[in-house]
Structures are given as structure tokens and as C-alpha cells.
Amino acid sequence: MKDEMNSLAFKNDGVLSNSHMGLQWGHQDCRLYPGGGLFASVQMGNNENGGLKLPYADFLMKYVTLPEGFKNFGDSEGEKGLIDKKKKSGLKLKIKISNPSLRRLVSGGIAGAVSRTAVAPLETIRTHLMVGSSGHSTTEVFHSIMKTDGWKGLFRGNFVNVIRVTPSKAIELFVYDTVNKKLSAKPGEHAKLPIPPSLIAGASAGVSSTLVTYPLELLKTRLTIQRDVYNGLLDAFVKILQEGGPGELYRGLAPTLIGVIPYAATNYCAYDSLRKAYRKVFKHKKIGNVETLLIGSLAGAISSTATFPLEVARKHMQVGAVSGRPVYKNVLHALATILERDGIRGLYKGLGPSCVKLVPAAGISFMCYEACKKILVEKEDGE
């Protein structure tokens with residue numbers, strides 16, 4: 001059979017023929033001229049792409065060596081690519097931003113605004129629980145807020161929160177990506193540091209964003225707790241400057257930085273490590289939105305639990321002498337006082353609602369960030 005097909009040859013008149021099999025085909029008029037034999041009753045013709053499609057292609061490919069220049073279009077890579085292209089076709093939003101730094105800044109800002117707005121009610125309840133101003137349980141605080149201010153009370157200070165978080169996340173993610181890229185070794189090179197680069201990059205990102213946006217964080221906390229004292233963001237800003245000067249806007253900065261460094265370092269390092277572990281275990285190069293949400297949430301849970309006592313001390317120092325509360329000298333004094341008065345449970349008061357708020361917030365933030373990076377591209381596909 002093989003010998004018969006190998007003897008196929010084009011004649012000078014443009015006819016493909018085989019003397020033993022009685023098979024003739026003219027490529028000019030695309031007609032078969034059977035002369036009897038095995039393929040006498042088989043119809044042949046041109047393929048849409050301009051090639052010859054032989055009958056019983058699977059049979060021929062398996063048992064017959066075709067002459068040079070012939071191609072089995074039934075198993076064509078070109079046809080597969082066309083089908084795949086059709087499957088992938090659809091409406092996809094792409095926004096061109098050629099500057100990579102600007103892409104990270106915009107993606108981080110959007111991620112921060114969306115995630116914080118989504119969990120604003122939980123943030124309000126968590127803050128009240130930390131300072132004990134409206135109750136000692138999530139249910140008590142919720143009913144107290146609803147009775148006093150209604151649904152608007154759950155979102156009190158959220159506008160300031162969004163204003164603070166948007167540039168904060170933008171700066172944070174920009175610094176993280178930049179530092180992490182500089183410290184990470186290229187393929188084939190030895191590691192530049194004995195510790196994961198994401199650990200240092202995360203700490204640097206947290207410190208940078210905190211220094212820039214801390215005054216807005218303090219204003220948000222004051223507006224949430226002392227709602228009867230201030231009439232808005234501008235009023236709070238002016239009164240705080242009149243009472244304590246510019247330094248009052250940075251009250252509690254030291255414990256904040258002490259809390260931010262381990263939190264940001266742990267958060268980004270955990271996120272980066274979990275993503276690498278996911279790719280290694282499941283053999284997936286790309287990570288979907290749901291997986292990113294879960295990975296980011298788990299990273300947030302790890303980091304928030306490890307650094308929660310410092311967060312409690314920071315909130316107490318920011319509030320200051322509200323409602324006759326003591327003024328703490330420093331973070332150690334605050335931790336010692338809280339520990340003496342309320343025990344270990346006092347250092348973790350509000351951990352439940354804090355995790356309920358921070359865990360999804362971290363997941364949503366990372367998910368939005370990764371999604372925005374897919375939308376904001378360096379160049380369009382046609383370029």
C-alpha cells in the first residue's frame with residue numbers, strides 16, 4: 001500500500017496519477033479521473049484553504065506516506081488555531097497605559113477604594129469594639145449604631161477612608177512591586193538576600209504609604225469615635241490643628257509604624273508564597289479571580305492575627321483622653337496598661353470582627369489589583 005501511494009506523481013499536464021491504482025486527479029479543474037482500482041469510487045476536491053484534502057485522511061495518515069507538498073487538513077494546526085481564536089473571541093475591556101508605574105498606581109488605587117467601601121460597616125464596628133465606646137459585642141455595637149445614626153452610621157467616615165486608602169494602596173503596591181523587582185534574583189542567578197525579597201518589599205511598602213496618609217487615618221478615627229465633636233472632615237482637621245498643632249495629626253504614629261512593618265511584611269510575603277505554592281501544587285500558570293480572592297484573604301488572616309495587639313494599642317493612643325480615658329506615653333505603656341486592666345483578651349478585643357473585615361478586604365484588594373492589571377495593558381493587541 002505504501003509503495004503504491006509513494007508512486008504518485010504529477011505529469012506535465014498537471015494531472016496527479018498512479019498507474020497501478022488507476023487514480024488520476026487534475027489540479028486545474030479539480031476533477032477526479034478514475035480508471036478503476038482501489039480509489040475508483042472516491043470523490044476528491046480542493047480544500048477551502050487552497051490545498052488538496054485526501055479521502056479517508058485518518059487512514060492515509062496512519063498507513064500511507066503522502067508525497068511532498070501534501071497536507072492533511074483534517075488534523076491541521078491552522079484549523080485548530082482558527083477554532084481556538086473563535087473560542088477566545090469576545091468583548092474584553094482593555095485600557096492602554098504605557099507607563100508600568102502608572103499602571104500599578106491606578107490598579108492599586110482602584111483596588112483600595114473598592115475593598116474598603118465593601119467592608120466599611122465592619123470597619124466601623126471593629127473600631128467601636130476596640131475602644132469600647134458603644135458596647136462590648138458586635139451585636140451591641142451594631143444595634144447602638146443603628147439606633148443612633150441608622151445605616152449611615154455604619155458608613156460614617158468611609159469617604160475619608162476611601163480618600164486615605166486610594167493613595168495609600170497605590171503607593172503601597174507601587175513601592176512593593178518596585179522594591180521586590182529590584183531585590184529578586186533573575187533566572188539563573190543566586191539569591192541576593194538570605195530572606196524572601198517580598199518580606200522587605202512589603203515592609204517598605206507599608207512604611208511608605210503610612211507616612212504619606214497617616215493624618216487622614218487619624219481624622220477618620222476621630223470622626224468615627226467623636227461624632228458629636230466634629231461636623232466633618234475639614235472641621236475635624238481645623239480643630240485638631242488648633243488643639244495640638246501639626247504634631248497632633250501624627251499622634252500614635254510610632255505604634256502604627258511598629259504595627260505596619262510586621263503586618264505589611266507578613267501580608268505580602270504570605271501572598272507571594274501562597275501564589276507560588278498554588279502554581280506548584282496545581283500546575284496552573286495563571287491564577288483566577290476566585291483563587292486570588294482566597295489566597296489574599298488567607299494572607300490577610302495570617303498577618304492581621306499576628307499583629308493585632310499593636311493595632312489595639314494604636315487605636316487607644318489615637319483616641320487620646322476621650323471620655324476620661326488615660327493618655328498613654330508610648331506603645332509599651334499602652335500595651336502594659338491594657339494587659340493589666342483587661343488581660344490577654346483585652347489585647348485581642350475585636351479580633352473576630354477585625355478578621356471578618358480584614359480577611360475579605362485583603363482578598364478583594366488583591367483580586368481587584370490583579371484584575372486591573374489585566375485591563376490596564378502596556379499596548380493593545382493590534383499594536
Counting N and O atoms only, with roles assigned by atom type, does the side chain of [X] sit under 3.5 Å from a partner on the main chain of [Y], one being a donor and the other an acceptor?
X    : Y    : result
S115 : G112 : yes
R103 : I97  : yes
S297 : V359 : yes
S303 : G300 : yes
S144 : E140 : no
D149 : K152 : no
K239 : L234 : no
T266 : Y263 : no

Among S209, C368, S365, exactly one meets side-chain contact (heavy atoms from CB on, under 4.5 Å) together with K169. Which residue is that?
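So the option named by the test is S365.
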Might you work through the side chain to side chain contact (heavy atoms under 4.5 Å, CB included) test for S168 and V212, ending with a clear yes or no?
CA-CA 7 Å; S168 175; V212 175; over 6 Å; no
Run the salt-bridge test on K276 and D272 with the 4.0 Å N-O cut-off and return the result as yes or no.
yes
Ion pair R104/E172, N-O distance below 4.0 Å
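No.
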Just do the side chain to side chain contact (heavy atoms under 4.5 Å, CB included) check on R275 and T292 with the steps written out, would you?
CA-CA 8 Å; R275 282 175 63 87; T292 301; 4.0 Å; yes
Which of parallel (below 30°), tilted (30 to 60°) and perpendicular (above 60°) describes [X] and [Y]?
X    : Y    : answer
Y271 : F366 : parallel
Y328 : H333 : perpendicular
Y348 : F308 : parallel

Under the side chain to side chain donor-acceptor pair (under 3.5 Å) test, residues paired with Y176 that sit two or more places apart:
none
